S.K.: 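To start, I am sharing the structure in question, which I have written as structure tokens.
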Amino acid sequence: MASTTPTKAEVLWLFRSLLRTARQFCDYNVREYTKRRTIDAFRHNKSLSEPSHLSSVISDGKAQLDLAKRQALVYKLYAPKMTSIMDLKPTI
């Protein structure tokens, strides 16, 4: 666990990385859940000010990012052949 206070740039990097990783999921439901969970977690922790607690939350977020990257890779390897109706592009 890092003892320094995370910078705003580091927090934004983590947020953007989690959202980018969420876009990599093939399944619509998993993709939207990951996106929603990321946004909710950052909103919940928005008011944190204690440096030690902030550092632990950021390190937990980095661990979640690593887990999401691994899961996105596994989902790509074993993606279903049929796509979701939510992923279909409308033809006009």
Side-chain angles (χ1 to χ4, degrees):
M1 173 164 46
S3 61
T4 61
T5 304
T7 63
K8 183 177 180 178
E10 185 179 5
V11 173
L12 287 174
W13 172 85
L14 180 60
F15 181 72
R16 289 178 183 140
S17 296
L18 283 163
L19 290 179
R20 269 189 232 109
T21 302
R23 278 189 257 147
Q24 294 176 1
F25 284 100
C26 301
D27 185 10
Y28 172 81
N29 292 323
V30 176
R31 186 171 54 243
E32 290 300 312
Y33 171 78
T34 306
K35 180 179 149 187
R36 186 176 61 247
R37 178 69 184 102
T38 298
I39 293 169
D40 289 346
F42 274 81
R43 281 186 185 147
H44 176 73
N45 294 317
K46 180 170 65 171
S47 62
L48 291 179
S49 59
E50 186 179 335
S52 62
H53 193 167
L54 196 58
S55 295
S56 69
V57 168
I58 292 296
S59 65
D60 289 344
K62 288 179 181 177
Q64 290 295 320
L65 176 61
D66 290 339
L67 182 123
K69 285 181 178 180
R70 287 193 306 270
Q71 284 299 113
L73 179 64
V74 170
Y75 271 77
K76 281 182 187 175
L77 291 174
Y78 300 105
K81 301 295 181 207
M82 190 173 105
T83 59
S84 171
I85 187 101
M86 300 302 288
D87 293 329
L88 296 176
K89 304 278 190 261
T91 56
I92 298 176

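Count residues from 1 along the sequence. Quick caveat: nothing in here was measured; it's all calculated off a predicted structure.
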S.K.: Please report the shortest heavy-atom distance between Ala22 and Lys35, naming the atom on each side.
M.R.: CB-N, 3.9 Å

S.K.: Any side-chain heavy-atom pair from Gln24 and Tyr75 closer than 4.5 angstrom?
M.R.: no

S.K.: May I ask you to test the Phe42-Lys46 pair for a side-chain heavy-atom distance under 4.5 Å?
M.R.: no

S.K.: So if I apply the side-chain contact (heavy atoms from CB on, under 4.5 Å) rule between Leu54 and each of Ser49, Pro6, Ser59, which one comes out positive?
M.R.: Pro6

S.K.: When you compare the side chain of Leu67 with that of Arg70, does any pair of heavy atoms fall below 4.5 Å?
M.R.: yes

S.K.: Less than 4.5 Å apart, side chain to side chain, heavy atoms only: is that true for Glu10 and Leu14?
M.R.: no

S.K.: Test of understanding: with ring-ring contact (aromatic ring centres under 6.0 Å, His included), list the residues that count as partners of Tyr33, not counting sequence neighbours.
M.R.: none

S.K.: For a 4.5 angstrom cut-off between non-hydrogen side-chain atoms, does Trp13 reach Leu65?
M.R.: yes

S.K.: If you define the side chain from C-beta out and look only at heavy atoms, does anything of Lys62 sit under 4.5 Å from Ile58?
M.R.: yes

S.K.: Applying a strict under-4.5 Å side-chain criterion to I, L, V, M, F, W and Y, I'd like to know whether Val57 and Phe15 cluster together.
M.R.: no

S.K.: Report the distance from atom OG1 of Thr38 to atom CD of Gln64, rounding to the nearest 0.5 Å.
M.R.: 8.5 Å

S.K.: With clusters defined by side-chain heavy atoms of hydrophobic residues (ILVMFWY) lying less than 4.5 Å apart, directly or transitively, does Leu18 cluster with Ile39?
M.R.: yes

S.K.: Between Phe25 and Glu32, does a side-chain contact (heavy atoms from CB on, under 4.5 Å) hold up when you go through it step by step?
M.R.: CA-CA 9 Å; Phe25 284 100; Glu32 290 300 312; over 6 Å; no

